[in-house]
Amino acid sequence: MNNQITVTSPLLPDLAEFTALLQEIWNSKWITNNGSFHRQLEKELAAYLKVPYISLFTNGTLPLITALQALRITGEVITTPYSFVATTHSLWWNGIKPVFVDVDPSTCGIDPTKIEAAITPKTTAIMPVHCYGKPCDVKAIQEIADKYGLKVIYDAAHAFGVEVDGESILNAGDLSTLSFHATKVYNTIEGGAMVMHDEKTKQRIDYLKNFGFANEVTVVAPGINSKMDEMRAAYGLLNLRQVDAAIDARRKVASAYREALRGLEGVTFFDDMPGVRHNYSYFPVFIDAKRFGKTRDQLYFEMKAANVLGRRYFYPLISEFSTYRSLPSATRENLPNAHRLAETVLCLPMHHDLTDHDIARVLTFFKK
Ligand SMILES: *Cc1c(COP(=O)(O)O)cnc(C)c1O
């Protein structure tokens, strides 16, 4: 049996270096609650990501939930069904009604031209997703938000390190959130962060992720506990030193896939966007069954049987899950592009550790 090729593989720090940092933590006996590794990682990440302020979290879902709390979002929020469920779950946990708007197939992000029609008197915010790390049309989204007085919270879980014309995409909107889960480009095992524009907001978020404590005796809001501990902050510091090399390795995999697949009947994929620093977090291909000669699912299961694991991100759509499917905006007629993408997409194995041999094995499934 051939070795398994997984869709992703975690970027792991050198174990000896990590052990040395663990020894420091053991010596200090300071294992969580804004310790020195936590503070250092916030500082280094803000510099690396080119953002003014960042607050670390214990995963990528709680900053979404906390962002909605911080901005006191209520009523209805416009979002897209072509994402990981956590995007919409964060609305549900705040008692907010998700309103699904279709995606633009050229970015897989929310189609700004369809947002206005979904706005009602109850709409308070827009929650777009930089799907696959491809930047949304943040300018068009901000214009609508300004016109209607809406907040914008970006689920930027896929967009670590993504820049447009040298500026971080994480600076768009009111708040952006990141995930540092094991499967992402940059990981702290479990982890996440929120990016904000000013010190006051950073302070408020830091209170909210620590039960709302402003000091020993003052609780300013019903906060949550979502603090990152010192072990994972130390792990994150080591991974930050090698993330550029990992993104570079991913870029080479993307180039190899593109070179082999370009012009292949029935298979489409994305090229780099002009002026964008991509992170190559995913490599989605879209299968036109008639022209390719087999369906996406035939291809997916054929690969799986040979131990080559792609993933159908994002299938099913969030709007198809039982929690959401009865929402008025969850209909197929409202979301034609999202449905077509979900039915044709396959994310090919993409990570820093893929060898030329692995890439060749993935590509054998596309030989005619
Ligand atoms: C991974 C992911 C999340 C959630 O992050 P966790 O760290 O797993 O909680 C949220 N949104 C999107 C789009 C994601 O891909």
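Ligands are counted one by one from 1 in listed order, and the atoms in each one are counted from 1 as well.
At a cut-off of 3.5 Å, with distance as the only test, no side-chain donor of Asp229 or Tyr235 sits close to an acceptor on the other residue. A donor atom on one side chain and an acceptor atom on the other are not found under 3.5 Å apart for Thr8 and Arg311.
Within the structure, ring pair (Phe, Tyr, Trp, His ring centres under 6.0 Å) contacts touching residues 87-121 (residues at least two apart or in different chains) are His89-Tyr324, Trp92-Tyr324.
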Take Phe270 and Phe286 through the ring pair (Phe, Tyr, Trp, His ring centres under 6.0 Å) test and state the conclusion after the steps. CA-CA 9 Å; Phe270 293 117; Phe286 302 90; 5.6 Å; yes
Under a 3.5 Å threshold, I'd like every N/O contact between ligand 1 and protein atoms, with atom names and distance.
from	atom 1	to	atom 2	distance (Å)
ligand 1	5 (O)	Ser179	OG	3.2
ligand 1	7 (O)	Gly60	N	2.7
ligand 1	7 (O)	Ser179	OG	2.7
ligand 1	9 (O)	Gly60	N	3.2
ligand 1	9 (O)	Thr61	N	3.1
ligand 1	9 (O)	Thr61	OG1	2.6
ligand 1	11 (N)	Asp155	OD1	3.3
ligand 1	11 (N)	Asp155	OD2	2.7
ligand 1	15 (O)	His158	NE2	2.8
ligand 1	15 (O)	Lys184	NZ	3.1

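A donor-acceptor distance shorter than 3.5 angstrom exists from the side chain of Arg250 to the backbone of Ser281, with no hydrogens or angles considered. Remark: the backbone N or O of Asn34 is not paired with any side-chain donor or acceptor of Lys227 at under 3.5 angstrom.
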